[in-house]
Amino acid sequence: MKSDKKVLPAALTVAGSDSGGGAGIQADMLTFAAYRVHACSAISAITAQNPEEVAAVRPSSAKMLEAQLKCVFEYYAPKAAKTGMLATAQCVRAAARFFGENRQIRLVVDPVMISTSGAKLLSDDAAKCLSQLLIPLAEVFTPNLDEASVLLDGVKIDSRNIAACAARLAQKYGTAVLLKGGHLSSNELVDILAKPCGSTTCFKSKRIGGVNTHGSGCTLSAAIAANMALGKSLPQCCAAAKKFMQRALKKPVALSRDLFINRFPQP
């Protein structure tokens, strides 16, 4: 007898575990849940951290990461995935092998290199592997301005050239990029979605102050992946994720001594 129960789509996050729950795997899984998408995970590193510091990082072995990816894929068949902090070149290579062999999974790459608190989260050799092996496999990658500058060999990015730099990134890596303008100094935030074909879409929003943005990049990329799992087009995914982030910041939650991103914001 045919079941009338709805089958939830699954999405996969491949990232580090944040012991404070504000970023990484934990932020991604909360975001997937907000979209009613089943959250699967493959943990690339265990961290000891809170919103103010990353005190310790212990990467997973490539073998362990590969085992997690295989088990999730064989049972849940995720429709979409995102990568975050991958920590080592070995983990980047393992992720690239997996996604290269399973191109049907829609992939978002968040090229996490430096934490909000300033800690380096990706070694130099891992950054090179990320650039050469993983980013070209993505449907979209989501660098902030600092990460984009590294990927463009040190180019300084500001409001005058952000669109041109997004176009350069899309051409360089042969895939779409959502270049995030959160580090711009203006009160109006500008994110640019650029595709290798030359088309660009500009997403503008007002800066919302008074909220600790720890985990904002993780949350945005996870929201894009969740929308991918729901079958939306890339522009629709980015637009929906941006709206989700605006609601999440407008209705923050109070934790300890600060206000933080609310991953279950009501419309």
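- If you check the side chains of H214 and D258, you find no donor sitting under 3.5 Å from an acceptor.
- More than 12 heavy atoms of other residues, nucleotides or ligands sit less than 6.0 Å from atom CZ of R207.
- Of the possible polar contacts, one joining the E147 side chain to the N144 backbone as a donor-acceptor pair under 3.5 Å is found.
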Worked check of side chain to side chain contact (heavy atoms under 4.5 Å, CB included) between K82 and I224: CA-CA 9 Å; K82 63 145 291 187; I224 294 172; over 6 Å; no

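- Side-chain atoms of N161 never come within 3.5 Å of backbone atoms of C165 as a donor-acceptor pair (strictly under, hydrogens ignored).
- Interatomic distance, NZ of K232 versus CG of N227, reported as 4.0 Å (0.5 Å rounding).
- The CG atom of N102 sits 4.0 Å away from the CZ atom of F73 when rounded to the nearest 0.5 Å.
- L107 is connected to L122 through a chain of hydrophobic side-chain contacts under 4.5 Å among Ile, Leu, Val, Met, Phe, Trp and Tyr, so both are in one cluster.
- F32 and I261 are members of different hydrophobic clusters when ILVMFWY side chains are connected at heavy-atom separations under 4.5 Å.
- Between the side chain of S19 and the main chain of Q49, a donor-acceptor pair closer than 3.5 Å is present.
- One hydrophobic cluster, built from ILVMFWY side chains closer than 4.5 Å, cannot hold both V140 and Y35; they sit in different ones.
- I135 and L69 fall within a single hydrophobic cluster, where Ile, Leu, Val, Met, Phe, Trp and Tyr are joined by side-chain heavy atoms under 4.5 Å apart, directly or via other members.
- In terms of heavy atoms, A15 sits closest to D28 at CB-OD2, 4.1 Å.
- Both L249 and L178 are assigned to one and the same hydrophobic cluster, defined by single-linkage of ILVMFWY side chains at heavy-atom distances under 4.5 Å.
- The number of heavy-atom neighbours closer than 6.0 Å to NZ of K242, taken from other residues, nucleotides and ligands shown, is above 12.
- In terms of modelled atom types and a separation under 3.5 Å, the side chain of D146 and the main chain of S149 share no donor-acceptor contact.
- Here the side chain of E188 pairs no donor or acceptor atom with the backbone of K204 at under 3.5 angstrom.
- Considering all non-hydrogen atoms of both residues, I105 and P78 come closest at CG1-O, 3.6 Å.
- The two residues A163 and I192 make their nearest non-hydrogen contact at CA-CG1, 4.1 Å.
- The CZ atom of R247 sits 14.0 Å away from atom CZ of R263, with the distance rounded to the nearest 0.5 Å.
- With contacts defined as side-chain heavy-atom distances shorter than 4.5 Å, the pair C40/Y75 does not qualify.
- Within 6.0 Å of the NZ atom in K172, the count of heavy atoms belonging to other residues, nucleotides or ligands exceeds 12.
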Working for side chain to side chain contact (heavy atoms under 4.5 Å, CB included), residues T83 and L134: CA-CA 9 Å; T83 63; L134 189 59; 3.8 Å; yes

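- We find the CG-CG distance between L145 and L184 to be 5.0 Å, quoted to the nearest 0.5 Å.
- The shortest non-hydrogen separation linking A89 to D125 is CB-OD2, 3.6 Å.
- A side chain to side chain donor-acceptor pair (under 3.5 Å) with E66 is found for one member of R93, R97, Q90 and no other, namely R97.
- At most 12 non-hydrogen atoms from other residues, nucleotides or ligands lie less than 6.0 angstrom from CD1 of I46.
- Listed by first and then second residue, the salt bridge (Lys or Arg N to Asp or Glu O under 4.0 Å) pairs that reach into residues 175-185 are D110-K180, sequence neighbours excluded.
- The shortest distance between side-chain heavy atoms of I25 and M29 falls below 4.5 Å.
- At a threshold of 4.5 Å between non-hydrogen side-chain atoms, the residues F244 and T219 count as touching.
- Annotation: side chain of F99 is not in contact with side chain of V109 (no heavy-atom distance under 4.5 Å).
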Check against side chain to side chain contact (heavy atoms under 4.5 Å, CB included), L12 and Y76: CA-CA 9 Å; L12 166 66; Y76 294 99; over 6 Å; no

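- How far CZ of F141 is from CG of L179: 8.5 Å, rounded to the nearest 0.5 Å.
- Without hydrogens or angle criteria, D191 side chain to G181 main chain gives a donor-acceptor distance under 3.5 Å.
- We find the CZ-NZ distance between F203 and K243 to be 9.5 Å, quoted to the nearest 0.5 Å.
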Pair V14-F98, side chain to side chain contact (heavy atoms under 4.5 Å, CB included): steps then yes or no: CA-CA 11 Å; V14 188; F98 173 78; over 6 Å; no

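- Counting heavy atoms from C-beta on, the side chains of T31 and T13 never come closer than 4.5 Å.
- S216 is listed as a side-chain neighbour of M245, based on a closest heavy-atom distance under 4.5 Å.
- Taking each heavy atom of P143 and V177 in turn, the nearest pair found is CD-CG2, 3.5 Å.
- When atom types are taken as modelled, the side chain of S44 and the backbone of M85 share a donor-acceptor pair closer than 3.5 angstrom.
- In this structure, G24 and C218 approach most closely via the heavy-atom pair N-SG, 3.3 Å.
- Between the side chain of E139 and the main chain of R106, no donor-acceptor pair closer than 3.5 Å is present.
- Under the 3.5 Å distance criterion, the side-chain polar atoms of S131 are left unmatched by any main-chain donor or acceptor of A127.
- Judged by distance alone, the side chain of T175 and the main-chain N or O of A138 form a donor-acceptor pair under 3.5 Å.
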